[in-house]
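Data first, discussion second: the structure below is written as structure tokens.
All figures in this text were calculated on a predicted structure; none of them were measured in a lab. The basis for the numbers below is simple: all heavy atoms, side chains too, and nothing from hydrogens, waters or symmetry mates.
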Amino acid sequence: MHSVGLVLEGGGMRGLFTAGVTDVMMENGISYGALVGVSAGACFGCNYKSNQPGRVLRYNLAYCKDPRYCSVRSLIRTGNMFGTEFCYYDIPDKLDLFDVATFEQNPMDFYLVCTDMETGTPIYHKCTSTKNPNEMEWIRASSSLPFVAQMVEIDGMKLMDGGVSDSIPIRFAEKMGYEKNVVVLTQPEEYVKKPASMMGLIRWKFKDYPCFVEAMEQRHEMYNDTVDYIKKQETAGHTFVIRPPQSLPVGRIEHNPKKLKQAYQMGRDAVNAVLPRLKAFTDN
């Protein structure tokens, strides 16, 4: 078994930075025993297992201004800003084909993280085949952000964005036996997460899910603690971290193709700058 894991943070369209990083990794034949992705880290990261560099940037540039892909109109009509049918089925099945066969044949394990609405705790799911409609629903659930997406019900569980309960699942990767991990973050080193600014609205909207509300209240503490832990693991030589040198020019939602390309290129530049050290880390 390959002894190195790959952990991908989310962040909506900040994930284009991650796509730039992972495309260079794929182009250089860097392999991992497992990939653990959260939210956009899962939605975009699945292309690593299907070995499709360039695909994330390609379909985002093609459809970033398409109201079927992401729009307030979609949010009003369906409760989901990112259109469910268009994003998770039309694009991979018809418009920019997802390589299901390669995904299934690649021995790398692919895990994603969702948050259980009832318990407020993370659910870690291993995806094996996107031919199963449930698997695409798992990816959608991991990316379902509060206020701009509806919860997703799978196997009797009500699920939302994995970033609420485990934004950077480094400890899960270690628990799965990966003592060495490459972690791709979408915030610069000096970033410190602040408490949620809309807790009153969160408490009202999710009043039937008190554990989920509590997870939202504590999210900034969990996130900052995890970043501190990652820095310690990095110093100890157990973790290799790739992060943007400065705040990315995109937020969770972005319709400007130039900004998307800029974030993507920042990812490529960041990993190319450390590529020899990264290869040494993963080879050893």
Side-chain angles (χ1 to χ4, degrees), residues 1-10 15 17-53 56 99 101-114 122-130 135 138-139 142 162-163 165-186 189 222-223 225-243 267-268 270-284:
M1 183 184 76
H2 201 296
S3 60
V4 181
L6 176 62
V7 178
L8 305 180
E9 182 183 7
F17 172 86
T18 304
V21 172
T22 54
D23 278 1
V24 172
M25 290 179 181
M26 282 187 274
E27 291 161 5
N28 282 272
I30 298 175
S31 61
Y32 297 92
L35 186 159
V36 189
V38 181
S39 196
C43 192
F44 296 163
C46 61
N47 293 277
Y48 208 117
K49 187 170 170 64
S50 66
N51 192 30
Q52 290 179 278
V56 172
D99 191 339
T102 298
F103 181 93
E104 293 177 347
Q105 293 165 9
N106 189 333
M108 179 183 72
D109 291 333
F110 176 68
Y111 296 91
L112 55 77
V113 189
C114 299
I123 301 291
Y124 304 97
H125 176 74
K126 181 179 179 180
C127 290
T128 56
S129 173
T130 58
E135 296 292 69
W138 276 102
I139 293 175
S142 181
S165 54
D166 192 356
S167 298
I168 316 168
I170 177 69
R171 291 183 175 93
F172 172 76
E174 292 174 343
K175 184 179 179 180
M176 295 302 294
Y178 296 93
E179 297 179 358
K180 293 178 62 179
N181 291 281
V182 175
V183 178
V184 182
L185 304 178
T186 58
E189 187 169 7
M222 174 271 294
Y223 182 93
D225 174 74
T226 303
V227 170
D228 288 342
Y229 177 76
I230 289 171
K231 289 179 179 177
K232 292 177 182 177
Q233 293 295 84
E234 184 179 21
T235 300
H238 303 312
T239 301
F240 193 103
V241 182
I242 302 171
R243 53 170 72 84
R268 292 189 68 94
V271 68
N272 275 320
V274 297
L275 195 56
R277 290 198 296 115
L278 174 64
K279 287 182 175 180
F281 181 86
T282 55
D283 288 345
N284 290 333

- line: Scanning both residues in full, the closest heavy-atom pair of V24 with N28 reads O-ND2, 2.8 Å

task: For atom CD of E104, decide whether the heavy atoms of other residues, nucleotides or ligands shown that lie under 6.0 angstrom number more than 12.
output: yes

message: If I take atom NE2 from residue H238 and atom NZ from residue K232, how far apart are they, to the nearest 0.5 angstrom?
response: 13.0 Å

query: What do the steps show when you test M222 against S167 for side-chain contact (heavy atoms from CB on, under 4.5 Å), and what is the final call?
result: CA-CA 8 Å; M222 174 271 294; S167 298; 3.5 Å; yes

- request: Kindly give the heavy-atom pair with the smallest separation between A34 and Y111, and that separation in Å.
  value: CB-CE1, 4.3 Å

- prompt: Which heavy-atom pair separates A173 from V36 by the least distance, and what is that distance?
  reply: CB-CG2, 4.3 Å

- request: Start with the C-alpha gap between L6 and Y178, add the side-chain angles, then the distance that decides, and say whether side-chain contact (heavy atoms from CB on, under 4.5 Å) holds.
  value: CA-CA 9 Å; L6 176 62; Y178 296 93; over 6 Å; no

message: Is any side-chain heavy atom of E9 closer than 4.5 Å to one of R243?
response: no

field: Nearest-0.5 Å distance, OG of residue S39 to CD1 of residue I139
entry: 11.5 Å

field: Mutual orientation of the aromatic rings belonging to Y124 and F172 [parallel < 30°, tilted 30-60°, perpendicular > 60°]
entry: parallel

Candidate list N181, T282, V274, test side chain to side chain contact (heavy atoms under 4.5 Å, CB included), partner F240, passing option: V274

query: Quick one: are L275 and I30 in side-chain contact, heavy atoms under 4.5 Å?
result: yes

task: Determine the minimum heavy-atom distance between D166 and P122, stating which atoms define it.
output: CB-CB, 4.1 Å

message: Against Y229, only a single residue in E234, R171, E174 fulfils side chain to side chain donor-acceptor pair (under 3.5 Å); can you say which?
response: E174

query: How long is the span from the OG1 atom in T18 to the CE atom in M25, to the nearest 0.5 Å?
result: 9.5 Å

message: Measuring only between side-chain heavy atoms, which start at C-beta, is Y32 closer than 4.5 Å to Y48?
response: yes

Within-4.5 Å side-chain heavy-atom neighbours: I168 and L185: yes

Reported CD1-to-OG1 distance for the pair I230 and T235, which is rounded to 0.5 angstrom: 12.0 Å

Nearest atoms (heavy-atom pairs only) where K49 meets F103: CE-O, 2.9 Å

query: How about E27 and R268: do any of their side-chain heavy atoms sit closer than 4.5 Å?
result: yes

query: Taking atom CH2 of W138 and atom SG of C46, what is their separation to the nearest 0.5 Å?
result: 15.5 Å

message: For G20 versus V271, what's the shortest heavy-atom pair and its separation?
response: O-CG1, 4.4 Å

message: To the closest 0.5 Å, what do you measure between NZ (K126) and CD (E135)?
response: 11.0 Å

